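In what follows, a single structure is set out as structure tokens and then discussed.
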Amino acid sequence: MRQFPAFVKKEFYHIFRDRRTLLILFGMPVVQIILFGYAITNEIRHAEIAVLDQANDYYSNRLVNKIGASGYFKITRALRNEREIEEAFRNGSIKVALVLPKNFGYDFYHGRKAPVQLLTDASDPNSASTLLNYATAIINNYQQEMMGDQQLPLTIDVQPRMLYNPALKGVFMFVPGVMTLILMLVSAMMTSITITREKETGTMEILLVSPLSPGKIIVGKVVPYILLSFINALIILGLGVFLFGMPVKGSLLLLLMECGLFVLTALTLGILISTITASQQAAMMISMVGLLMPTMLLSGFVFPLESMPLPLRILANVFPAKWFIIILKDVMLKGSGLPGIWQPTAVLCGMTILFIALSVRNFKTRLA
Amino acid sequence: MEKAIVTKDLTKRFGDFIATDAITFEVERGEIFGFLGANGAGKTTAMRMLCGLLKPSSGQATVAGYDIFTQTDRVKKNIGYMSQKFSLYEDLTVRENIRFYGGIYGLGRRQIKLKTEQLLEKLQITREADQLVSSLPLGWKQKLAFSIAILHDPSIVFLDEPTGGVDPITRRQFWDLIYEAAHQQVTVFVTTHYMDEAEYCDRISMMVDGRIKALDTPRRLKAQFGADSMNGVFLQLARQQNISNQ
């Protein structure tokens with residue numbers, strides 16, 4: 001039983017003496033959280049808008065002021081005629097143009113239809129539709145304000161409520177995403193690299209000749225990474241909660257246990273990769289292409305799964321990332337307990353067992 | 001006295017390819033047994049089977065008195081191994097490497113400490129004990145690797161082309177270490193393709209295409225083939241093989 005501590009100690013020496021490993025382990029989570037938190041966000045603020053106010057009356061002025069005061073738009077130009085719209089779009093100084101017709105105030109006040117035109121630069125379709133939504137919301141809001149209590153009979157008054165994330169904060173999406181990404185990267189990539197490194201340098205042979213059983217060798221190599229991954233999970237959670245106000249509505253204990261489960265899934269996947277590759281390069285490539293890309297793209301982290309074509313939606317089920325993101329969101333935002341997330345949890349458990357079984361089989365055939 | 005290694009018709013097949021073909025030999029205790037052959041002749045495969053890294057396809061063998069099919073755990077405790085790829089951790093210091101290998105062979109802390117000092121003194125590298133192994137010259141690394149391979153006092157040590165890439169003087173020093181170990185009743189099983197090294201062995205087996213073609217002391221082999229060096233013996237064997245292949 002003296003063998004095992006000696007082995008784990010050696011593994012820590014490897015990690016702490018390799019600057020690259022350390023950087024990936026502890027630099028990356030922080031950088032990613034900051035990047036996604038501050039730089040990469042799909043919320044748009046202060047979009048340039050130009051206004052062509054042909055009415056220039058009390059009602060049109062109030063509407064324009066309201067849009068300018070919303071924080072989403074910055075009124076950069078007042079246009080004089082329709083020809084200037086095209087020009088403003090072309091030289092790139094505006095993203096949206098608002099056109100108010102001549103009789104805007106009169107039409108609006110007398111309860112008839114008051115048309116408003118919104119023009120957006122759809123060369124970037126995502127932000128165009130986001131801006132359109134913002135503007136429409138502001139205009140609707142204005143309309144209700146103006147009409148006051150005098151509700152027309154038999155109109156449908158929709159009162160939407162955004163559950164679990166009322167402010168529609170992007171943070172709530174990216175903290176689970178980054179956490180999944182980092183844990184996947186650290187656990188799967190690092191373990192597959194560290195094991196293949198021993199193969200490359202020839203030390204694996206020495207270990208296999210020693211009285212250490214293959215199982216112990218693998219566990220010994222993996223234990224430090226379990227610890228470090230878990231610390232990483234805590235760092236990301238801490239940053240998410242204290243820096244970005246991410247809530248943890250469910251049980252913290254359950255959350256940490258699920259993190260532990262996902263770390264285990266990723267580690268066993270890393271071990272599996274190492275049993276089918278002989279070089280660090282190959283292990284890195286497989287981890288990058290086979291794990292990172294799907295974790296980014298097919299987990300619902302960056303692009304919503306619901307809008308993907310069926311084959312991709314089916315493919316997404318194969319990767320552990322999708323399930324872990326579901327768990328994280330349910331526990332953190334909805335406050336679900338184990339009964340609410342037993343399904344994705346069971347999937348992760350199943351995957352872990354499968355990866356272990358496959359690894360053991362591959363390892364044996366290699367030795368025979 | 002019990003033999004160190006006994007094999008009978010030991011065979012390893014990889015699909016249709018027969019890597020070692022029914023090899024039979026015995027190695028005495030404390031003997032330096034050379035295992036010679038060209039690349040791909042089956043030396044490494046045979047050695048890997050004896051170390052428990054590969055399962056033989058058929059035949060029988062015991063190492064240190066233990067069966068390599070059923071008692072691999074016992075076998076592993078009683079052997080040391082040094083591979084042709086350099087086998088220490090470059091990013092660990094000399095002392096840490098010694099401590100690590102001592103640890104995985106189950107030596108106690110006090111024992112490791114004692115052995116570390118002895119080893120450092122013997123190799124005269126006490127001053128370099130806390131340097132990373134990567135900073136040592138290759139010759140030193142190889143001597144250190146050998147000393148670590150016999151740190152746990154195994155009864156047999158397997159050396160797979162241990163002196164690859166070093167100059168003849170360092171090779172000679174390395175062999176002094178091997179003699180010293182053999183003197184302490186450690187059996188040395190060494191593969192090599194340096195023919196001058198073959199002369200240092202007590203007995204030699206020559207492998208060609210998976211079979212043992214000759215097995216005897218260097219002197220008798222030279223007499224048998226009428227050659228004045230081991231290189232001559234090897235060339236004759238290779239020529240015979242070519243003729244029989246045609």
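All figures in this text were calculated on a predicted structure; none of them were measured in a lab. The sequence lines fix the lettering, A, B, ..., with proteins before strands; numbering per chain opens at 1.
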Select one option (side chain, backbone, both, neither) describing which atoms of [X] are under 4.5 Å from chain A's heavy atoms.
X	value
B:R74	neither
B:D91	both
B:F158	neither
B:L107	backbone

Chain A contacts, top residue of B:H152, B:K76, B:R48 (heavy-atom pairs, under 4.5 Å) | B:K76
Top of B:G102, B:C51, B:G108, B:P56 for chain A proximity - count of heavy-atom pairs under 4.5 angstrom | B:G108
Do A:K10 and A:F7 meet the cation-pi criteria used here (NZ or CZ under 6.0 Å from the six-membered ring centre, within 45° of the axis)?
-> yes
Residues B:R203, B:E28: salt bridge by 4.0 Å N-O rule = no
Heavy-atom check, side chain of B:T20 versus side chain of B:L10, under 4.5 Å | no
Would you tell me whether A:T352 and A:T265 have side-chain atoms, one donor and one acceptor, within less than 3.5 Å of each other?
-> yes
Does the side chain of B:D160 come under 3.5 Å of the side chain of B:T191 through a donor N or O and an acceptor N or O?
-> yes
Check whether A:E200 gets within reach of chain B through its side chain, its backbone, both or neither, counting any heavy atom under 4.5 Å.
-> backbone
Nearest 0.5 Å, what's the CG-CD distance between B:L92 and B:E90?
-> 10.5 Å
